[in-house]
Amino acid sequence: MSDKIKLSTESYKGVRDFYPEDMFVQNYIFDTWKKVLESFGYAEYSASLLEPAELYRAKTGEEIVNEQTYTFTDRGGREVTLRPEMTPTVARMVAAKERELAFPLRWYSIPNLFRYEKPQRGRLREHWQLNVDLFGLDSIQADTEIISIAYNLMKKFGAKDEDFEIHIGSRKFLKELLAKLGIENESDERAKKLYKLLDRKAKIGEAEFENGLKELNISFPEVEAVGSSEDISQIMKLLNDVDVKSVLFDPGIVRGFDYYTGMVFEVFDTNPENKRSLFGGGRYDDLTAIFGGGKISAVGFGMGDVTIKDFLETRGLLPKYKSATELYICTLDKTFLKPAQKLRQSLREQGLNVAVNLTDKKVGDQIKIADKQKIPYIVVVGENEVSSGTYSIKNMETGEETKVVIAGITGIIRSHS
Ligand code: HAM
């Protein structure tokens, strides 16, 4: 083998490496998701990222299936897809155990998903997506609960009511609109173009939107005249009852999947420089039917880690990095490694997270390592500490030092964190 080959250290296009500081942010987002979902009574599930390719052909939508899936043939000749979304998987899981499961089901998951997209701000080729779904209820109460969770997630992340807007639309409304326009089914070219145009409405602005409508021979008043659907106004009322703010009816909300059948919604950032969709979802009552069993009503949404992280970053809402390691034990020289390891053992038993110096570096340089790794406390083990059994615990942020016996160390560190 040639020793001249140098591999790139860059990650594959459109995916991310997570260094400890990135992992800290990722964990914060996941922990917040989990806390909120469990507080609403949702149970966590998971599945493999590999699925048979055919799972997506039925209902996911042409753009994703034809242009965005990572599909390959395995060694046994089977076509396999890296899941581009979780909804078909969860529908498959629910359909598989339809008889055993106690409906209504409240389920959540945090899968990584793969889409072959042109990487750009907010769009990558691998992202993690909180999936929240409620199965077995075809009611506006269920729709309301789902939107209410979306709202409460934003609040838990520290967003203010004016920082975001929840736009609620309806596939039923769109069907009525098509009927009014004399278009018989949703797969009609004119219908597809209209949906695409509605989907892009927020991005392209009023003038271009109205032009697009003209090209389809539809007048703007015609779109508006179909008006707010009855269901949506009721959902709005129920949302008001549970103190959910920032919601509005938006007939332009379509969403890109073929499986949505009723209420659909999309949460937007209101920052004028970043008026983007953050996440969304809706009702899909027919998806489980592709597995041949009964029809199971469902409503839910997917919230990506990339867009929420950008949102929190631009609003200054991300927590500051803190190392999970609470104490770094420096050694005066290598003869003190043994007592240092002993000290670590008793502190670990008390529940503290502790790292011990293993280098031959001078104490000053050991402290620099701890500082760079943002470990909040250090202690130096030398002759005096070993003979007296007292340790000087230094707070790296304030410089304050406290002398204590072993039993007091955890108390000092925990009293500040
Ligand atoms: P989706 O709109 O395709 O819906 O994705 C939901 C969210 O995932 C997006 O709004 C965005 O936050 C994030 N997301 C999607 N694609 C990417 C990407 N390439 N890079 C970064 N973030 C991305 C669904 O996937 C539905 N299955 C959600 C659902 C669950 N509906 C009902 N239940």
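Position 1 is the first residue of the sequence, and the numbers go up from there. This structure is a prediction, so every number in the text was calculated from the model and none was measured. Remember, it's 1-based here, ligands and their atoms both numbered in the order they're listed.
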Parallel under 30°, tilted from 30 to 60°, perpendicular over 60°: which one fits the rings of [X] and [Y]?
X    : Y    : answer
F279 : F301 : tilted
Y70  : F114 : perpendicular
F30  : W128 : tilted

**Prompt:** Hey, does the Lys NZ or Arg CZ of R125 hover above the aromatic six-ring of Y116, less than 6.0 Å from the centre and inside 45° of the axis?
**Reply:**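 Because its charged atom sits under 6.0 Å from the ring centre and within 45° of the axis, R125 does stack over Y116.
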
**Message:** Test salt bridge (charged side-chain N to carboxylate O under 4.0 Å, His left out) on R83 and E51; report intermediate values, then the result.
**Reply:** CA-CA 6 Å; R83 59 186 176 203; E51 285 283 8; over 6 Å; no

**Side-chain donor-acceptor contact under 3.5 Å, T81 with T71** = yes

**Request:** Mind jotting down which protein residues get a heavy-atom contact under 4.0 Å with ligand 1? Chain and number order, please.
**Result:** E85, T87, R115, E117, G122, R123, L124, H127, Q129, N131, D133, R255, F257, Y259, Y260, L278, F279, G280, Y284, G300, F301, G302, G304, V306, T307

